[in-house]
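Per chain, numbering begins at 1; letters A, B, ... match sequence-line order.
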Number of protein chains: 2
Amino acid sequence: MTTTLPLTADTTGACCGSVAHGAVDAAGAEQIARVFKALGDPTRVRLLSLIAASDDHEACICDLTEPVGLTQPTVSHHMKLLVDAGLATREQRGRWAYYRVVEGALSAAAQSLVPR
Amino acid sequence: MTTTLPLTADTTGACCGSVAHGAVDAAGAEQIARVFKALGDPTRVRLLSLIAASDDHEACICDLTEPVGLTQPTVSHHMKLLVDAGLATREQRGRWAYYRVVEGALSAAAQSLVPR
DNA sequence: TCGATGTATCGACAGATGTCAATACGACTG
DNA sequence: CAGTCGTATTGACATCTGTCGATACATCGA
């Protein structure tokens with residue numbers, strides 16, 4: 001599962017990603033909603049914010065459990081959702097898994113919803 | 001209930017709404033998540049997109065039920081959530097209730113999450 | 001190889017969420 | 001005033017979601 005989203009930071013040119021002058025279709029809405037749903041939980045908002053505000057703009061699970069006050073499995077689960085939504089990346093480095101925020105992924109989703 | 005969000009289109013100056021250089025706190029995360037949660041459902045994404053793509057940038061419930069293929073009570077329920085989240089406005093005009101998209105509300109939420 | 005450490009997965013459970021049918025509310029029309 | 005029409009609310013239900021404890025997996029050090 002975990003269908004890769006075609007909705008990433010590198011918004012392929014072509015002006016507007018959506019149908020242009022029209023509303024998004026059912027499939028497109030599902031893709032967009034998946035990104036926003038990932039941010040529909042306060043914990044995940046804090047996690048993403050914590051990583052973005054971190055020194056090297058990256059953090060491992062062990063750095064995140066204490067600030068949010070949740071157990072390690074729960075934090076790991078939330079980070080998986082953020083990665084699946086294309087809002088974060090995961091990089092295994094030794095024993096630790098480092099997560100980074102995907103710049104522009106959020107604004108790309110917002111753009112495809114209301115093209116302006 | 002339905003606590004009014006201080007997070008509207010008219011982002012009060014003061015540069016960055018968040019703590020600046022720091023991550024958002026628990027309360028702030030809850031506010032931000034409420035906006036994104038409203039967009040975490042494909043139906044609501046379509047509804048907002050339909051309104052934005054409409055001729056006069058507004059629509060009543062009767063205009064929306066058919067495109068999304070859901071019953072009137074369900075559409076009304078979704079629109080209420082969008083209004084409560086500050087993403088849409090409701091204006092009673094005669095028998096009809098006209099909904100409009102609040103410009104900038106979404107990008108304001110995104111900004112307060114990742115200030116750049 | 002064995003133990004320790006960081007992370008992911010599994011199973012379970014309470015609570016939230018999306019949907020509908022039925023019904024109530026409000027405003028126009030005759 | 002009574003009927004009609006558009007919308008909101010209520011109650012019910014199946015499903016999804018967030019959380020945890022227990023446990024499995026993977027990597028490093030001795």
Side-chain angles (χ1 to χ4, degrees), chain A residues 1-3 26 29-48 50-51 54 56 58-85 87-100, chain B residues 1-3 26 29-48 50-51 54 56 58-85 87-100:
Chain A
M1 240 142 283
T2 306
T3 54
E30 198 124 10
Q31 302 277 22
I32 297 173
R34 197 176 319 201
V35 178
F36 289 126
K37 186 184 298 184
L39 293 173
D41 182 85
T43 297
R44 288 193 288 271
V45 167
R46 296 191 67 189
L47 288 173
L48 216 65
L50 281 168
I51 298 173
S54 187
D56 294 337
E58 67 178 7
C60 59
I61 299 290
C62 57
D63 293 331
L64 299 170
T65 51
E66 186 268 337
V68 297
L70 294 174
T71 64
Q72 174 268 320
T74 301
V75 173
S76 178
H77 170 241
H78 283 311
M79 287 313 304
K80 176 177 172 56
L81 292 183
L82 287 172
V83 170
D84 288 351
L87 289 165
T89 58
R90 191 193 109 108
E91 182 193 0
Q92 186 89 25
R93 220 148 67 211
R95 277 187 280 207
W96 294 271
Y98 287 92
Y99 290 90
R100 303 184 73 94
Chain B
M1 234 73 28
T2 306
T3 55
E30 198 122 12
Q31 300 278 22
I32 298 172
R34 197 175 321 203
V35 178
F36 289 125
K37 187 183 298 186
L39 293 173
D41 183 87
T43 297
R44 289 193 289 271
V45 167
R46 296 191 69 188
L47 288 173
L48 217 64
L50 282 168
I51 297 173
S54 187
D56 293 337
E58 67 179 7
C60 59
I61 299 290
C62 58
D63 293 331
L64 299 170
T65 52
E66 187 268 338
V68 299
L70 294 175
T71 64
Q72 173 268 321
T74 301
V75 173
S76 179
H77 170 241
H78 283 310
M79 287 313 303
K80 175 178 172 59
L81 292 183
L82 287 172
V83 171
D84 288 353
L87 289 164
T89 59
R90 190 193 111 107
E91 181 194 359
Q92 186 88 27
R93 220 149 66 213
R95 279 187 279 205
W96 295 269
Y98 287 92
Y99 291 90
R100 303 186 73 93

Could you give the start and end, 5' to 3', of the contact zone on DNA chain D for chain A, using atoms under 4.0 Å from its heavy atoms? D:dT17 to D:dC28

Quick check: closest heavy atoms across B:L87 and B:L48, and the distance to 0.1 Å? O-CD1, 4.0 Å

Donor-acceptor contacts, no H, no angles, side chain residues 58-72 of chain B, under 3.5 Å, sequence neighbours left out:
{"residue": "B:E58", "atom": "OE1", "partner": "B:R100", "partner atom": "NH1", "Å": "2.8"}
{"residue": "B:E58", "atom": "OE2", "partner": "B:R93", "partner atom": "NH2", "Å": "2.8"}
{"residue": "B:D63", "atom": "OD2", "partner": "B:C60", "partner atom": "N", "Å": "3.4"}
{"residue": "B:T71", "atom": "OG1", "partner": "B:T74", "partner atom": "OG1", "Å": "3.0"}

Figure out the CE/C1' separation between A:M79 and C:dG6, and round it to whole Å. 15 Å

State which residues pass side-chain hydrogen bond (donor to acceptor under 3.5 Å, both in side chains) with B:R46; sequence neighbours excluded, sorted by chain then number. none

Short side-chain N/O contact to C:dC20 OP1/OP2 from B:T74, under 4.0 Å: yes

Restricting to non-hydrogen atoms, name the atom on A:L39 and the atom on A:V45 that form the minimum distance, rounded to 0.1 Å. O-CG2, 3.4 Å

Measure from CG on A:D84 to P on C:dA8 and round the result to the nearest Å. 12 Å

Which residues in residues 91-100 of chain A have a heavy atom closer than 4.0 Å to any atom of DNA chain C? A:R95, A:W96, A:A97, A:Y99

Starting from P on C:dA24, measure out to CD on B:Q72 and report it in whole angstrom. 15 Å

Residues A:A38 and A:A85: closest non-hydrogen pair is CB-CB, 3.6 Å

In short, B:M79 meets B:A88 closest at the heavy-atom pair CE-CB, 4.3 Å

Can you tell me if the side-chain N/O atoms of B:T71 get under 4.0 Å from OP1 or OP2 in C:dC20? yes

By the 4.0 Å heavy-atom rule, please label A:H77 as base, sugar-phosphate, or nothing. base

In whole Å, what is the span from the CG atom of B:L70 to the C1' atom of C:dA21? 14 Å

side-chain hydrogen bond (donor to acceptor under 3.5 Å, both in side chains) involving A:T43 - partner list, sequence neighbours excluded: A:D41

Under the side-chain contact (heavy atoms from CB on, under 4.5 Å) rule, what do B:R34 and B:Q31 come out as? Steps first, then yes or no, please. CA-CA 5 Å; B:R34 197 175 321 203; B:Q31 300 278 22; 4.0 Å; yes

Between B:R90 (CZ) and C:dG26 (C1'), how many Å, whole number? 10 Å

Taking only residues two or more places apart in sequence or in another chain, which ones pass ring pair (Phe, Tyr, Trp, His ring centres under 6.0 Å) with B:Y99? none

Which heavy atom of A:R44 sits nearest to which heavy atom of A:K37, and what is that distance? NH2-O, 3.4 Å

Using a 4.0 Å cut-off on heavy atoms, which residues in residues 36-45 of chain B reach DNA chain C? List them by number, or say none. B:K37, B:D41, B:T43, B:R44

According to side-chain contact (heavy atoms from CB on, under 4.5 Å), who are the partners of A:R95, at least two apart in sequence or on a separate chain? none

